[in-house]
Amino acid sequence: MKLSRRGFLRLGMLGAASVALPLGRMIGPMNELAEAGAVTSPPVEPFQVPLPIPPVLKPVRSDASADYYEMVQREATAEILPGYRTTIWGYEGIFPGPTIEARSGRQVIIRQRNELPVPVVTHLHGGVTPPESDGYPTDLILPVSGHAGAMHHHSGAVTHGTRDYVYPNQQRAAMLWYHDHRMDFTGPQVYRGLAGLYIIRDEIEDALPLPRGEREVPLVITDRTFTADGELYYPSLDPTLQGRPGVVSSFANGMFGDTILVNGAPWPVLEVGTARYRLRLLNASNARPYLLALDPPPPNGPAFIQIGSDGGLLEQPIPHDEILIAPAERFDVVVDFGQYPVGTSVRLVNREGVGPTAEVMRFDVARREEEYSEIPDRLAREEPLPDPSEAMEVRRFQFIAGFFGWPSTVNFRIFDPNRIAARPRLDTTEIWELHADPEHPIHLHLVQFRVLSRNGGPPGPWDAGWKDTVFMRGGSAQVIARFSGYRGKYVFHCHNLEHEDMMMMENFEVV
């Protein structure tokens, strides 16, 4: 039997682990696993809490070309589980953070103020953003208190108390999101609540007869585990997030919670009318993918009509009976509740979940409503797919998950802020061949890309449109991107946040 380099390395690691971690040394990780397995959230009756909608933040001022915002990152308490108070870290003290509504071509400037006890970094995920505002992992905002917390790398552009992020929004309408991106601590800081929506709109989308107003509903899906007193449980090696990074070894493959939250509420319910609704889906979980479906399915036609992806509207709608959505991916879909009689309850379920994680939320068809929307056969003209024959480079990157305390790697190397893995030239096209071992949602900063192939065959059923995150369950995928917008240093990484914190990240520099 031939052994691949991957297999050889893994066998080598296992051999080393068997030497370095004899039975006595394994007691600690086994005890950690037993302790973690004993943590289960207080029981919650599903479908009792109304679905909250994150508030839209208003600018503090505007001028002819830009809107200016101020946002404070601070600790607060929230009633997430009914009857319990939970400590969160939130933008404006809420989870999810407030939604930013932006216009394509109009600049947004956000002053972030850090009133937390640790450094923070804010990344606009999906944004075509200059490098100084992209949220590079070591570009820290230190706390206003003056306490720096852990600083494992000093190569970044560090500010004290505040930082202004400038977003040009020179891109088409799309639902992006912003979240913490601090080196080594992204997982626990996002888990505590540092995430929110950022929606760009444009005239092309405005002109379409899609559902709008109360029939356009953002759904930020996360999973969390809570302690018996209602506090968030996250297995950090240092719960203060000021010293040693990482999680206990039994969670090295990701933090999977036992309670599903939508817009920060457990298994909520939304009353809808007999009409089409636009659901803007974001998987903001640390590690969990969801295979979403409707139960019962509509009697006629598919459950979901996909109209958009990470990078905005598709050219044509695509029907789906189910949608696989990985961490950081967004799907823009229309559901026709007019196919159900008034009084029907329709559950949004997770076909990959077990027990309580198999349920997401419920829609109650509560009233008759006049239908005003349509789903056009043609939605929005997409930028043409770059010609693969014109690609200046074909690069290969292999993503390998760590285990038993071993770090996660890209091309067998852990992240080094000072190493550049690729130097694409500005305004040129490249093909990146990505290999995953075993399961990784892979995200590129700055650029949108198209999926050319999977395992040598066609793209998958959920690969349509321009994307910034591709979900891989082993195997390989080829993606093509044009590196335009800005010169500078950016990162690409696995968006399983525990893998990212364990060093599954690399730099590229547009030159």
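Note that these values count all heavy atoms, side chains included, but never hydrogens, waters or copies made by symmetry.
- For Phe331 and Phe304, the distance between ring centers is not under 6.0 angstrom.
- When only modelled atom types and interatomic distance are considered, Tyr233 and Asp258 share no side-chain donor-acceptor pair under 3.5 Å.
- Here the side chains of Pro327 and Asn286 are not in contact, with every heavy-atom distance at 4.5 Å or above.
- Formation of a donor-acceptor pair under 3.5 Å by the Ser133 side chain with backbone atoms of Pro130 is not found in this model.
- Trp466 carries Arg450 over the face of its six-membered ring, with the cationic atom under 6.0 Å from the centre and within 45° of the normal.
- Side chains of Met505 and Pro137 form a contact here, defined as non-hydrogen atoms less than 4.5 Å apart.
- The distance from atom CD1 of Ile109 to atom OG of Ser65, rounded to the nearest 0.5 Å, is 7.5 Å.
- Between Val479 and Ile442 the shortest side-chain heavy-atom distance does not fall below 4.5 Å.
- Look at Glu101 and Arg201 and you find a salt bridge, because one of the NZ, NE, NH1 or NH2 atoms lies within 4.0 Å of a carboxylate O, short of that distance.
- Arg351 contributes no side-chain N or O that, together with a main-chain N or O of Leu291, makes up a donor-acceptor pair within less than 3.5 Å.
- Closest approach of Tyr490 and Asp134 over heavy atoms only: CD2-OD2, 3.5 Å.
- Here the closest heavy-atom approach between residue Glu271 and residue Arg367 is recorded as O-NH2, 3.8 Å.
- The ring of Trp432 has its center closer than 6.0 angstrom to the ring center of Phe483.
- Ring geometry for His443 against His123 counts as tilted: the plane angle lies between 30° and 60°, on a 0 to 90° scale.
- Phe95 is listed as a side-chain neighbour of Thr222, based on a closest heavy-atom distance under 4.5 Å.
- By the 30° and 60° cut-offs, the orientation of the rings of Phe363 relative to Phe337 is tilted.
- A heavy-atom distance below 4.5 Å is not found between the side chains of Asn169 and Gln107.
- When every heavy atom of Phe226 is checked against every heavy atom of Leu261, the shortest pair comes out as CZ-CD1, 4.3 Å.
- Checked by atom type and distance alone, the side chain of Arg330 never pairs as donor or acceptor with a backbone atom of Leu281 at under 3.5 Å.
- Using a distance-only test at 3.5 Å, with no hydrogens or angles considered, no donor-acceptor pair links the side chain of Asp321 to the main chain of Pro302.
- The number of heavy atoms from other shown groups lying within 6.0 Å of CZ (Arg368) does not exceed 12.
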Run the numbers on Arg113 and Glu70 for side chain to side chain contact (heavy atoms under 4.5 Å, CB included), then give the verdict.
CA-CA 8 Å; Arg113 177 179 170 87; Glu70 294 179 357; over 6 Å; no
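- Taking the side chain as every heavy atom from C-beta outward, Leu348 and Leu294 approach each other to under 4.5 Å.
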Evaluate side-chain hydrogen bond (donor to acceptor under 3.5 Å, both in side chains) for Ser62 paired with Asp67, printing each intermediate quantity in order.
CA-CA 4 Å; Ser62 299; Asp67 298 312; 2.7 Å; yes
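- Annotation: the span from Leu197 atom CG to Leu57 atom CG amounts to 12.5 Å, rounded to 0.5 Å.
- Minimum heavy-atom separation, Leu314 to Glu382: CA-OE2, 3.3 Å.
- Residue Tyr178 is tested with Tyr165, Tyr167, Tyr91, Tyr198 for a ring-ring contact (aromatic ring centres under 6.0 Å, His included); the sole match is Tyr91.
- Between Ile200 and the options Glu205, Met175, Gln171, a side chain to side chain contact (heavy atoms under 4.5 Å, CB included) holds for only Gln171.
- The distance from atom CG of Asn455 to atom NE2 of His435, rounded to the nearest 0.5 Å, is 9.5 Å.
- Taken to the nearest 0.5 Å, the CH2 atom of Trp462 stands 8.0 Å off from the NE2 atom of His320.
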Take Glu329 and Asp310 through the test side chain to side chain contact (heavy atoms under 4.5 Å, CB included) and record every step on the way to the result.
CA-CA 6 Å; Glu329 284 190 302; Asp310 298 344; 4.1 Å; yes
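- At distances below 3.5 Å, not a single donor-acceptor pair connects side-chain atoms of Asp463 with backbone N or O atoms of Val451.
- The side-chain heavy atoms of Arg278 and Ser373, taken from C-beta on, include no pair separated by under 4.5 Å.
- The closest side-chain donor-acceptor pair between Thr87 and Glu231 falls under 3.5 angstrom.
- Taking the ring axis of Tyr68 as reference, the NZ or CZ atom of Arg111 does not stay both within 45° of it and closer than 6.0 Å to the ring centre.
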Run the numbers on Arg103 and Asp206 for salt bridge (Lys or Arg N to Asp or Glu O under 4.0 Å), then give the verdict.
CA-CA 11 Å; Arg103 296 295 301 183; Asp206 292 344; 2.9 Å; yes
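- Aromatic ring orientation, His493 versus His495: tilted (interplanar angle from 30° to 60°).
- The pair Arg381-Glu315 does not count as a salt bridge, with every side-chain nitrogen at least 4.0 angstrom from each carboxylate oxygen.
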Would Ile305 and Asp336 satisfy side chain to side chain contact (heavy atoms under 4.5 Å, CB included), going step by step from the backbone distance to the final call?
CA-CA 9 Å; Ile305 302 296; Asp336 185 2; over 6 Å; no
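- Thr122 approaches Gln73 most closely through the heavy-atom pair OG1-NE2, 3.2 Å.
- Annotation for Glu352: atom CD counts as buried by contact number, over 12 foreign heavy atoms lying within 6.0 Å.
- Not counting sequence neighbours, Glu383 has no partner by the salt bridge (charged side-chain N to carboxylate O under 4.0 Å, His left out) test.
- Under the 30°/60° scheme for interplanar angles, the aromatic rings of His179 and His125 are found to be tilted.
- Of the possible donor and acceptor atoms, none in the side chain of Glu115 sits under 3.5 Å from a partner among the backbone N and O of Arg74.
- Phe492 has its ring centre less than 6.0 Å from the ring centre of Phe397.
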Could you please spell out the steps behind the side chain to side chain contact (heavy atoms under 4.5 Å, CB included) verdict for Asp468 and Gln448?
CA-CA 5 Å; Asp468 55 55; Gln448 303 286 332; 3.8 Å; yes
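- In Asp63, the CG atom is crowded: over 12 heavy atoms of neighbouring residues, nucleotides or ligands sit closer than 6.0 Å.
- Between Ile53 atom CD1 and Leu219 atom CG the span is 7.0 Å, to the nearest 0.5 Å.
- For Glu371, the CD atom sits in a packed shell: over 12 heavy atoms of surrounding residues, nucleotides or ligands are nearer than 6.0 Å.
- Side-chain atoms of Ser345 and Asp364 include a donor-acceptor pair closer than 3.5 Å.
- Here the side chains of Met361 and Trp267 are not in contact, with every heavy-atom distance at 4.5 Å or above.
- One finds the CG atom of Asn253 at 9.0 Å from the CD atom of Glu498 (value rounded to the nearest 0.5 Å).
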Please evaluate residues Asp202 and Arg172 with respect to the criterion salt bridge (Lys or Arg N to Asp or Glu O under 4.0 Å), reporting the C-alpha separation (whole Å), side-chain torsions for both, the decisive distance (0.1 Å), and the verdict.
CA-CA 7 Å; Asp202 64 16; Arg172 61 207 299 263; over 6 Å; no
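- Taking both residues in full, the closest heavy atoms of Pro386 and Ile480 are given as O-CD1, 3.6 Å, listed atom of the first, atom of the second, then distance.
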